Amino acid sequence: MGRGCTRHVHDHHRRPRVSRKRHWLMKTEPDAFSIDDLKRVVTEPWNGVRNYQARNHMRQMQPGDGVLFYHSSCEVPAIVGTATVASEPYPDPTQFDPKSDYYDAKSTRAEPRWSLVDVKFDRKLKRAIPLEEIKRHGDALGEGFALTQRGSRLSVMPVTAAQWKLLLSLE
DNA sequence: GCCAACGTTGGC
DNA sequence: GCCAACGTTGGC
């Protein structure tokens, strides 16, 4: 993909230059990478996502989008902070690294299979909002919300403006 | 293209 | 640590 490519080739991958901020929720296991880790490093490439639905969501992200930072597989699964999308989506470099746990032999540099964005620390919530509490607002959040959907394991999901507002109002 | 087997996620 | 639910793989 060279600089010579005409612009219109790529235009359909982008949303309009001026478009509304979107919202997302991203899960992480705090033992592996927590909100405190993000606070310390400030910006983190969100590598290692190997699920197509989650990947597709990341491919729709753009700088400035809001992220609810969620701790999973831990004592109290909860939303613990907010972050900001800090880059356009780009190929996850770990997919090309044979030494990486996330190496994907079937991915090529010409057609990378996995994408990521950089995620930037925004703030820790004054208190964590536990999944158990979030579930009590299931009706208001709607049945389509993957976090509270039975059996859903989606690690990157869209959040509507209304859901964002509601969830943060619980803080 | 079906589907059994397997691996993973993640709440509990 | 258990296990339900889900996604992926690969034989046929």
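Letters A, B, ... are given to chains in the order of the sequence lines, protein chains preceding strands, and every chain is numbered from 1. Nothing here was measured: the structure is a model prediction, and the numbers come from that model.
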Would you find a donor on one side and an acceptor on the other, under 3.5 Å apart, between the side chain of Asp97(A) and the backbone of Thr94(A)?
no

Is the closest basic N to carboxylate O distance between Glu171(A) and Arg123(A) below 4.0 Å?
yes

When you measure from the side chain of His71(A) to the backbone of Ile35(A), do you find a donor-acceptor pair of N or O atoms at a distance under 3.5 Å?
yes

Looking at DNA chain B, which of residues 66-83 of chain A put a heavy atom within less than 4.0 Å of it?
Tyr70(A), Ser72(A), Ser73(A), Pro77(A)

Check for a donor-acceptor pair, side chain of Glu44(A) on one end and backbone N or O of Leu38(A) on the other, with a separation under 3.5 Å.
no

Distances under 3.5 Å only, N/O to N/O: pair up the protein atoms with those of nucleotides 7-11 of chain C.
residue: dG7(C); atom: O4'; partner: Arg153(A); partner atom: NH2; Å: 3.1

Nucleotide dG1(C), atom P - distance to CG of Asp31(A) in whole Å:
14 Å

Decide ring-ring contact (aromatic ring centres under 6.0 Å, His included) for Trp114(A) and Tyr90(A); before the verdict, give the C-alpha distance in whole Å, the side-chain angles of both, and the deciding distance to 0.1 Å.
CA-CA 8 Å; Trp114(A) 304 110; Tyr90(A) 62 98; over 10 Å; no

Does some side-chain heavy atom of Arg113(A) sit less than 4.5 Å from a side-chain heavy atom of Tyr52(A)?
yes

Would you say the side chain of Val67(A) lies within less than 4.5 Å of the side chain of Val85(A), judging by non-hydrogen atoms?
yes

Could you walk me through whether Val119(A) and Thr84(A) pass side chain to side chain contact (heavy atoms under 4.5 Å, CB included), step by step?
CA-CA 6 Å; Val119(A) 173; Thr84(A) 305; over 6 Å; no

